[in-house]
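What follows is a single structure, written as structure tokens, with notes after it.
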Amino acid sequence: MTTKPKWFQTTAIDYPNSRPHIGTAFEKLGADVQARYRRMEGYDVFFLMGNDENTLKVADRAKELGQDPQAYCDDMARQFQEVWKALDISYDCFIQTSHERHKTCCRKFIQKVYDNGHIYKGDFEGWFCPGCEEFKSDKVHAENAGQCPNHKRPLIRRVEPCYYFALSKFQEQLLAHYERNPDFIQPESRKNEIVSLIKTEGLRDVNISRAGEEWGIQLPFDPAFTSYVWFDALLTYITGIGYADDEALFRKYWPADIHFIGKDITRFHCALWPAMLWAAGEEAPKQVFGHGFVYFDGDKVSKSRLEELKKKGLDYLLEPMQIIQKFSSEAFRYYFLRECPYPSDGNIDPDQFIKVFNNDLANTLGNLLSRTITIPSKSLQGQFPGTAGRKPEAVAPEFDAGKLAAEVRSRVEACEFSQALQAIMTHLLYPANKYIGDQEPWKVVKADANAASLILHNVVESLRIASILLKPFIPRSAEAIYKSFNFPKPWDEVSYADAAELQAQPDDLRVTAELVDGKVKPLFPRIV
RNA sequence: CGCGGCGUGGAGCAGUCCGGUCAGCUCGCCAGGCUCAUAACCUGGAGGUCAUAGGUUCAAAUCCUAUCGCCGCAACCA
């Protein structure tokens with residue numbers, strides 16, 4: 001019995017005070033490609049997602065709507081998962097931080113950190129707004145002439161007892177960790193950012209308690225306080241794999257292989273989180289990946305921008321569910337993965353969306369499938385005679401399946417999804433379209449059916465390779481392409497190794513796709 | 001001097017880490033070919049001082065310095 005290597009990955013947990021938007025979807029998409037790729041490569045994958053509910057904003061939002069906070073959270077969690085499922089995000093577990101399972105985990109963890117002597121009681125002094133009932137930073141105080149920007153009332157100096165996590169103690173250990181594990185923070189620009197932040201500003205101890213709040217997790221050693229959101233939010237990464245209730249599962253999957261996060265929360269994941277884990281006697285995660293953001297036409301999507309888009313009828317582009325309904329989940333996935341370089345920022349643009357879809361998916365990939373199938377289905381009884389046992393030929397002299405598979409593989413592992421897709425297009429699918437045009441099988445078939453069959457065989461092989469390489473990106477379409485022919489290897493068992501060489505098949509190839517009038521239904525109907 | 005990113009033919013980008021094989025890709029435009037295919041496909045063409053100015057080098061989009069312009073984060077928006 002061989003044991004599969006494990007792969008544990010997470011995405012950032014989201015605040016459910018509004019519906020999932022385009023940016024959160026972007027994060028899940030990249031993570032999903034990684035998870036699907038790892039599964040294909042034989043990893044035992046655990047893909048964790050969830051919602052971060054123990055924040056006052058959530059409680060406030062529920063109150064606004066006249067709902068019980070828990071009911072509100074559960075409903076939002078349902079809505080989030082609805083979107084993720086529609087997008088084919090293949091998560092294994094969805095955590096809600098307001099659920100008891102998570103709270104048990106937090107208490108156990110926080111108690112451990114406390115017992116290990118990394119939490120101490122002190123005082124917090126700062127500028128407090130009675131209207132907001134919260135402390136404001138010195139910067140807010142300075143920039144607003146001592147007034148609360150929301151309430152336009154003077155901020156008052158206030159001191160209250162609190163608990164601190166001794167983050168500063170871990171500063172040197174963190175810097176040493178980054179040094180020893182150069183891949184811990186990806187991409188590299190994020191790492192430079194965090195290192196210089198720590199070196200110039202230093203790490204201060206963090207106030208991890210909030211007083212007098214009902215919504216949240218009580219500190220196990222002092223129920224008068226609830227936990228600061230970050231101190232509980234990060235713990236979802238271990239809750240989901242059984243930190244408090246399934247030791248074996250936890251030991252199997254921890255440490256995480258990769259945490260996908262937005263670049264804005266890098267410091268929490270790269271500094272606070274490893275320190276917390278060490279404080280509780282656990283290992284730090286192996287890697288934190290800070291992806292870029294999605295902008296609309298080069299700008300951030302602000303409230304005012306949203307109003308403007310609504311007037312133009314383009315606001316649907318910000319609502320994942322509406323894009324999926326208007327186009328398809330595959331179109332959605334492809335656009336973002338192709339157009340937005342995951343490590344850096346990307347753009348959503350309605351015209352570009354249609355261009356990318358039509359060019360890559362409709363004209364190149366979908367059309368290639370159509371033109372490959374029509375000749376055998378109309379002239380050769382759906383067969384490709386003479387192909388049994390024959391090793392297909394490359395569609396271009398410079399095409400090298402092994403090289404392409406290796407490139408796509410390394411791009412995917414580095415989360416450079418747009419480059420992976422570009423490589424598939426440039427090295428495989430564009431040449432395949434050119435090949436079929438140059439060889440003119442529609443003419444050849446009139447004189448020599450077998451010769452035409454062999455030409456098309458080479459194109460079918462390109463489609464087979466493309467479908468496998470594209471499987472993590474557009475799983476449904478890739479499957480449809482693969483299953484358009486009688487390849488003996490089951491779809492669920494293909495891996496990138498199967499795409500790394502031109503393969504002979506035992507039997508003559510045959511069209512197995514559903515046909516109407518001798519033609520396949522367009523896989524990606526052009527958007528006009 | 002808070003931190004980070006970007007500036008490449010009309011548009012959007014890749015290439016920059018590890019200088020030469022680089023000026024590449026998609027769209028758009030012009031001309032032609034083809035007709036198997038989703039009015040799809042293929043070929044050719046026009047169009048670029050690789051932001052600017054210096055420097056290093058036999059050689060710079062690529063390395064160094066400075067300048068200009070745009071953007072993001074910095075404040076619980078991923």
Side-chain angles (χ1 to χ4, degrees), chain A residues 11-15 17-18 20-28 52 55-58 134 136-141 143-144 149 188-190 192-194 196-197 200-201 228-230 233 260-268 290-295 298-303 338-341 343-347 349 351-352 354-356 358-379 416 418-419 422-423 425-426 430 432-445 452 455-456 459 518-528:
Chain A
T11 57
I13 52 175
D14 301 306
Y15 288 120
N17 47 359
S18 65
H21 60 95
I22 206 78
T24 51
F26 179 56
E27 171 175 302
K28 313 311 174 206
D52 183 7
T55 164
L56 267 189
K57 289 222 163 145
V58 170
E134 64 183 21
K136 303 288 178 183
S137 67
D138 290 347
K139 194 130 189 174
V140 170
H141 179 264
E143 285 177 1
N144 297 280
E188 191 148 355
S189 55
R190 296 279 105 73
N192 298 337
E193 209 172 328
I194 202 85
S196 78
L197 180 90
T200 57
E201 291 182 23
Y228 165 52
V229 280
W230 273 108
F260 289 100
I261 58 163
K263 61 182 182 180
D264 56 328
I265 51 177
T266 310
R267 65 164 75 182
F268 294 105
H291 62 75
F293 289 166
V294 176
Y295 298 101
D299 286 326
K300 191 167 120 162
V301 183
S302 58
K303 283 254 165 64
R338 171 80 212 253
E339 279 299 298
C340 304
S344 42
D345 298 337
N347 238 317
D349 175 282
D351 297 330
Q352 190 67 7
I354 291 169
K355 269 185 200 165
V356 166
N358 282 345
N359 187 59
D360 284 3
L361 294 181
N363 298 352
T364 301
L365 181 59
N367 187 41
L368 184 64
L369 179 71
S370 300
R371 61 197 310 213
T372 305
I373 284 179
T374 307
I375 295 171
S377 85
K378 285 191 173 168
S379 310
E416 294 169 342
S418 60
Q419 269 115 325
Q422 188 177 348
M425 287 294 150
T426 307
Y430 295 154
N433 255 321
K434 176 171 159 48
Y435 174 82
I436 201 169
D438 290 346
Q439 297 294 319
E440 303 182 314
W442 56 90
K443 281 186 186 163
V444 174
V445 75
I455 291 165
L456 290 168
V459 180
K519 293 186 173 194
V520 274
K521 204 174 99 198
L523 193 55
F524 305 102
R526 276 177 64 84
I527 303 169
V528 281

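Just so you know, these numbers come straight off a predicted model, no measurement behind them.
Across the protein-nucleic acid pair, A/Phe293 atom CZ and B/A78 atom P stand 8 Å apart, rounded to whole Å. At whole-Å resolution of the value, NZ in A/Lys263 and P in B/G5 are 10 Å apart. Separating the CG atom of A/Asn192 from the C1' atom of B/G2 is a distance of 16 Å, rounded to the nearest angstrom. Following rounding to the nearest Å, A/Arg267 (CZ) and B/C3 (C1') show an atom-to-atom distance of 10 Å. Counting to the nearest Å, the P atom of B/G44 and the CG atom of A/Asp438 are 11 Å from each other. B/C3 atom P lies 14 Å from atom CD1 of A/Ile194, rounded to whole Å. The nearest whole Å value for the distance from the CG atom in A/Asn17 to the C1' atom in B/C77 is 9 Å. Separating the CD1 atom of A/Ile13 from the P atom of B/C77 is a distance of 13 Å, rounded to the nearest angstrom.
Comparing B/G54 with B/G72, their P atoms sit 32 Å apart, to the nearest whole Å. Annotation: B/U65 and B/G19 have their P atoms spaced 16 Å apart (nearest Å). Distance noted for atom P between B/G12 and B/C71: 14 Å (whole Å). Look at the C1' atom in both B/G28 and B/C22: the space between them is 23 Å, to the nearest Å. Nucleotides B/U26 and B/U43 have their P atoms positioned 9 Å apart, rounded to a whole Å. Distance check on atom C1': B/C73 versus B/A66 gives 25 Å, rounded to whole Å. Using atom C1' as the reference point in both B/G2 and B/A60, the two lie 32 Å apart (nearest Å). Across B/C36 and B/G44, the matching C1' atoms stand 23 Å from one another, rounded to whole Å.
Side chain of A/Tyr15, nearest nucleotide from B/G72, B/C27, B/A78: B/A78.
In this model, the phosphate group of B/U43 is approached by a side-chain N or O of A/Lys434 to a distance below 4.0 Å at OP1 or OP2. At B/A78, one or more side-chain N or O atoms of A/His21 fall inside 4.0 Å of OP1 or OP2 (strictly under the cut-off).
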Test side chain to side chain contact (heavy atoms under 4.5 Å, CB included) applied to A/Asn358 and A/Val528, step by step:
CA-CA 9 Å; A/Asn358 282 345; A/Val528 281; 5.9 Å; no
Dump the intermediate steps for side chain to side chain contact (heavy atoms under 4.5 Å, CB included) on A/Arg267 and A/Ile194, then the final yes or no.
CA-CA 6 Å; A/Arg267 65 164 75 182; A/Ile194 202 85; 3.5 Å; yes
Might you work through the side chain to side chain donor-acceptor pair (under 3.5 Å) test for A/Arg526 and A/Asn363, ending with a clear yes or no?
CA-CA 8 Å; A/Arg526 276 177 64 84; A/Asn363 298 352; 2.8 Å; yes
Where do A/Ile436 and A/Arg371 land on the side chain to side chain contact (heavy atoms under 4.5 Å, CB included) test, with the steps shown first?
CA-CA 9 Å; A/Ile436 201 169; A/Arg371 61 197 310 213; 3.1 Å; yes
Produce a footprint string for nucleotides 28-38 of chain B: one letter per nucleotide, 5' end first; B if the base is under 4.0 Å from any protein heavy atom, S if only the sugar-phosphate is, - if neither.
------SSBBB
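Note on A/Phe26: nothing from the nucleic acid sits closer than 4.0 angstrom, heavy atoms only.
Here A/Asp14 pairs with A/Lys28 in a salt bridge; the nearest charged N to carboxylate O distance falls below 4.0 Å.
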Dot-bracket for RNA chain B, please. Rules: Watson-Crick or G-U, both distances under 3.5 Å, ( ) within the strand, [ ] when a pair crosses earlier ones, | for another strand, . otherwise.
.(((((((.[[[[.)....(...]]]].(((((.......))))).....[[[[[..)....]]]]])))))).....
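A/Glu193 CD to A/Thr266 OG1: the interatomic distance, rounded to the nearest 0.5 Å, is 6.0 Å.
The side-chain hydrogen bond (donor to acceptor under 3.5 Å, both in side chains) test applied to A/Lys263 returns A/Asp345, not counting sequence neighbours. Listed by chain and residue number, nothing satisfies the ring-ring contact (aromatic ring centres under 6.0 Å, His included) test with A/Phe293 (two or more places apart in sequence, or in another chain). For the salt bridge (Lys or Arg N to Asp or Glu O under 4.0 Å) test, residues two or more places apart in sequence or in another chain that qualify with A/Asp438 are A/Lys434.
Taking the six-membered ring where tryptophan is involved, the planes of A/Phe268 and A/Trp230 are essentially parallel, since the angle between them stays under 30° and well short of 60°.
Contact of the A/Ile455 side chain with the A/Tyr435 side chain is registered, since non-hydrogen atoms from C-beta on lie closer than 4.5 Å.
Considering every non-hydrogen atom in both A/Glu27 and A/Gly262, the closest pair reads OE1-N, 3.5 Å.
Side-chain contact annotation: A/Tyr430 with A/Asp360, donor-acceptor N/O pair under 3.5 Å present.
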Just the atom pairs and distances: protein N or O near nucleotides 12-16 of chain B's N or O, under 3.5 Å.
| unit_1 | atom_1 | unit_2 | atom_2 | d |
| --- | --- | --- | --- | --- |
| B/G15 | OP1 | A/Gln419 | NE2 | 3.2 |

